[in-house]
Visitor: 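Got a structure for you, written out below as structure tokens; questions coming shortly.
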There are 2 protein chains.
Amino acid sequence: MEDSDLGNDDTDTSGPDVEVRTLADLARVAGVSAGTVSRALAGKSLVNAETRERIQALARQYGFRPNQMASKLRSRRTGVIGVVIPLGHEKRQQISDPFFLTLLGHLADQLTEAGYDLMLSRAIPDGTPDWLERITGSGMVDGVLLIGQSDQSEVIDQVVSHYRPLVAWGNHREGQKHIVVGTDNELGGRLAAEHLIACGARRLAFFGDTGGIEIATRLRGARAAAEAAGLHITHVPIKLADAEMGPQLEAAFAAPDADYDGIVTASDLIAMSALHVLHEMGRKIPGDVQIVGFDDLPLARLTSPPLTTVRQEIGQGAKVMVEKIRALIEGETRISKVMPPTLIVRETTRS
Amino acid sequence: MEDSDLGNDDTDTSGPDVEVRTLADLARVAGVSAGTVSRALAGKSLVNAETRERIQALARQYGFRPNQMASKLRSRRTGVIGVVIPLGHEKRQQISDPFFLTLLGHLADQLTEAGYDLMLSRAIPDGTPDWLERITGSGMVDGVLLIGQSDQSEVIDQVVSHYRPLVAWGNHREGQKHIVVGTDNELGGRLAAEHLIACGARRLAFFGDTGGIEIATRLRGARAAAEAAGLHITHVPIKLADAEMGPQLEAAFAAPDADYDGIVTASDLIAMSALHVLHEMGRKIPGDVQIVGFDDLPLARLTSPPLTTVRQEIGQGAKVMVEKIRALIEGETRISKVMPPTLIVRETTRS
DNA sequence: CTGAAAGCGCTAACAT
DNA sequence: ATGTTAGCGCTTTCAG
């Protein structure tokens with residue numbers, strides 16, 4: 001019969017002789033139309049189950065993958081979320097902040113789980129909204145997640161006036177237009193300072209650069225607590241330049257009136273560095289100086305002594321950011337979320 | 001003069017009344033064809049300098065950005081590099097390894113500098129090449145950077161047989177098809193063990209899970225050094241499960257014959273955790289036990305005592321990976337690069 | 001130097 | 001349930 005001869009053509013299951021790069025190619029091989037192949041591969045229900053499976057098998061056999069660019073162009077949906085790290089107020093051109101990196105890791109996990117791809121950009125704000133609009137306006141992403149607002153809160157507000165699906169990590173400010181997920185930084189700073197004061201510290205300092213609003217707010221909280229106790233807190237603006245943090249700290253401790261006995265730091269990283277420098281100077285912790293970190297990175301429990309710190313819920317934050325961006329993309333409405341920090345008492349304070 | 005009257009038409013610089021979303025829209029506004037707008041915006045030389053500038057000004061004024069999907073589809077060039085983290089041999093579903101995260105940060109910097117966008121994917125190898133081909137075959141990226149090979153060396157080889165622009169970080173194996181940038185792990189392991197032996201350690205252990213080839217090779221190097229000195233080295237397969245590392249280490253030290261006096265670790269993270277656990281057990285470092293880390297993360301110098309470790313050149317590695325992927329994309333040929341590690345002696349060994 | 005025309009590979013009406 | 005028809009918005013010959 002002619003039919004069986006036809007059937008025999010199927011025996012070449014291994015050596016694909018014809019190049020099948022496009023839907024049309026596969027359609028030809030399968031003897032159907034491109035439209036059907038498209039539907040079959042998308043797993044749509046309006047295709048006969050067995051043709052669908054046959055086509056999927058064929059696709060596998062020929063190693064065919066639909067071109068995403070074409071698909072995205074046509075469907076006006078990219079399946080990609082842009083994750084942007086604004087490298088603003090700190091002049092370093094490098095992504096190295098372990099907090100951001102940790103948040104990024106969690107975001108990657110959550111986005112993958114939600115079926116999104118992640119496009120990472122580092123951006124250097126320049127006063128105009130251009131650094132952000134280059135990403136929102138490119139048609140390359142369905143939404144944007146900002147890891148930190150730096151000092152760009154106004155610019156971001158301006159962008160969301162015409163670009164909705166955007167969620168930032170960071171500090172929430174009254175009257176702010178864009179949606180933010182973050183920690184109550186003022187409370188965090190206050191918790192840290194209050195704890196230090198309760199543990200007997202009197203000569204307080206805050207270590208951290210207040211160029212970004214988050215840190216500035218932590219300082220405000222710490223200062224409020226100090227003032228409530230009738231104390232002064234000295235602000236020492238340590239920049240996060242990795243290796244160069246040591247010298248900055250040494251200089252800070254060498255200053256004439258620098259015999260601090262309680263230090264609130266803007267991050268665990270600064271705290272760890274301070275711990276190290278103080279240790280080298282022969283100061284006892286928490287005997288001579290008490291320190292509170294910020295973030296509660298996984299590493300905080302590994303320092304010696306283990307670091308007392310203000311915990312931010314990074315994993316939870318990532319989850320919430322992804323939930324919100326998805327909702328925004330679906331056209332729903334969402335509001336900001338401020339999460340309360342918790343004080344984790346370990347051994348760099350006298351508890 | 002008529003000229004000044006003409007100039008007055010430009011006063012509506014603020015209120016774009018017509019929506020200009022596409023090249024064609026802008027072309028209409030500019031009174032030229034879409035082709036010319038495309039060329040002007042691409043900065044091509046074959047456009048009259050002043051029409052080009054006029055069009056660019058118009059684009060800026062209307063906030064117009066060409067749709068990347070369309071551009072990429074047409075030009076068959078995405079300007080995107082895929083960065084893939086294979087979450088293979090370790091079952092954790094999470095990106096948290098600080099080494100990978102650090103490498104990722106450097107890659108982001110280098111790629112941005114080279115004008116590429118970065119698409120991050122975490123992948124869970126499943127025995128087939130599918131986890132990788134989903135990315136290489138999607139038409140979404142111009143090339144792929146793999147952060148670690150996990151135990152997928154053969155699969156990767158298979159993929160590069162038909163997909164050239166791929167560079168992996170990791171261990172180089174003789175006869176391997178794909179291009180790798182990485183550290184001489186065997187040498188690294190040997191340096192660590194030799195140093196420990198030279199410092200008087202005799203009861204050696206290697207802490208780390210050898211599921212990935214990199215770690216297995218480090219163990220091989222350490223073992224070779226031990227055997228050359230007539231010593232035995234005990235392999236303790238610590239998994240990188242963040243918080244759960246403590247208990248694993250405690251169990252390791254509680255084992256009957258576990259009075260190690262020299263420990264080679266597979267990463268700084270394990271070393272830091274071990275440091276912490278030993279500290280809690282009241283063991284002196286380096287007095288009772290000496291430890292050598294691996295990676296030399298920025299944090300290694302901050303432990304107390306500061307960590308003796310085997311340094312991998314992460315920043316340099318990222319630079320090399322990006323150089324190689326760019327060359328491969330251009331159709332050039334490249335070979336693997338094995339970088340020598342260096343021993344950084346700090347204070348967890350008796351030097 | 002610029003315009004017109006032809007797709008890149010796919011999806012989504014609209015038919016049938 | 002499947003085929004047909006039209007584009008998505010851009011780039012790039014090919015003319016002029």
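Residue numbers begin at 1 in each chain, while the letters A, B, ... track the order of the sequences. Every heavy atom of this structure was used, including side-chain atoms; hydrogens, water molecules and symmetry mates were not.
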Visitor: OP1 or OP2 of dT11(C) less than 4.0 angstrom from a side-chain nitrogen or oxygen of S71(A), does that happen here?
Guide: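 Indeed, a polar side-chain atom of S71(A) lies that close.
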Visitor: Does E323(B) pair with R334(B) as a salt bridge, N-O distance under 4.0 Å?
Guide: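 Salt bridge: yes.
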Visitor: Taking the side chain of F64(B) as its heavy atoms from C-beta onward, which of dG3(C), dC10(D), dT4(D) lies nearest to it?
Guide: dC10(D)
Visitor: Is there a side-chain hydrogen bond (donor to acceptor under 3.5 Å, both in side chains) between H162(A) and E133(A) once you walk through the steps?
Guide: CA-CA 10 Å; H162(A) 60 267; E133(A) 287 182 330; 3.0 Å; yes
Visitor: Quick check on DNA chain C: between L73(B) and R39(B), whose nearest nucleotide comes earlier from the 5' end?
Guide: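 Result of the comparison: R39(B).
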Visitor: Under the salt bridge (charged side-chain N to carboxylate O under 4.0 Å, His left out) rule, collect the residues that match up with E113(A), sequence neighbours excluded.
Guide: none
Visitor: In whole Å, I'd like the distance from the CG atom of N67(B) to the C1' atom of dG7(D).
Guide: 14 Å
Visitor: What integer distance in Å separates K72(A):NZ from dC8(C):C1'?
Guide: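 Distance check: K72(A) NZ to dC8(C) C1' gives 16 Å.
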Visitor: Could you check whether R21(B) gets within reach of a base, just the sugar-phosphate, or nothing at all, counting any heavy atom under 4.0 Å?
Guide: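 Result for R21(B) = sugar-phosphate.
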Visitor: Hey, can you pull the residues of residues 46-55 of chain B with a non-hydrogen atom under 4.0 angstrom from DNA chain C?
Guide: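 Within residues 46-55 of chain B, the residues near DNA chain C are L46(B), V47(B), N48(B), T51(B).
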Visitor: With the threshold set at 4.0 Å, does a side-chain nitrogen-carboxylate oxygen contact exist between R65(B) and D130(A)?
Guide: yes
Visitor: Using whole Å, report how far CG of L41(A) lies from P of dT11(C).
Guide: 8 Å
Visitor: Start with the C-alpha gap between Q176(A) and S153(A), add the side-chain angles, then the distance that decides, and say whether side-chain hydrogen bond (donor to acceptor under 3.5 Å, both in side chains) holds.
Guide: CA-CA 8 Å; Q176(A) 183 173 262; S153(A) 193; 3.3 Å; yes
Visitor: Check whether any side-chain nitrogen or oxygen of T36(B) sits under 4.0 Å from OP1 or OP2 of dG3(C), and answer yes or no.
Guide: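 So the side chain of T36(B) is within the cut-off, an N or O lying under 4.0 Å from OP1 or OP2 of dG3(C).
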Visitor: Take the protein atom CZ of R74(B) and the nucleotide atom C1' of dC10(C), then report the distance between them rounded to whole Å.
Guide: 15 Å
Visitor: Run through K177(B), Q152(B), H178(B) and flag the one making a side-chain hydrogen bond (donor to acceptor under 3.5 Å, both in side chains) with D157(B).
Guide: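 Among the candidates, only H178(B) passes.
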Visitor: Check the distance between dA6(D)'s C1' and L23(A)'s CG and give it to me in whole angstrom.
Guide: 16 Å
Visitor: Does K44(B) put a side-chain nitrogen or oxygen below 4.0 Å from OP1 or OP2 of dT11(D)?
Guide: no
Visitor: Taking atom P of dC8(D) as reference, at what distance in whole Å does atom CG of D142(A) sit?
Guide: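 Between P of dC8(D) and CG of D142(A): 19 Å.
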Visitor: Write down the distance between CZ (R77(A)) and C1' (dC10(C)), rounded to a whole number of angstrom.
Guide: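 For the pair R77(A) CZ and dC10(C) C1', the rounded distance is 15 Å.
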Visitor: Nearest of dG3(C), dG3(D), dC10(C) to any side-chain atom of S33(A)?
Guide: dG3(D)
Visitor: Between D142(A) (side chain only) and T78(A) (backbone N and O only), is there a donor and an acceptor less than 3.5 Å apart?
Guide: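 Yes, D142(A) side chain to T78(A) backbone: donor-acceptor pair under 3.5 Å.
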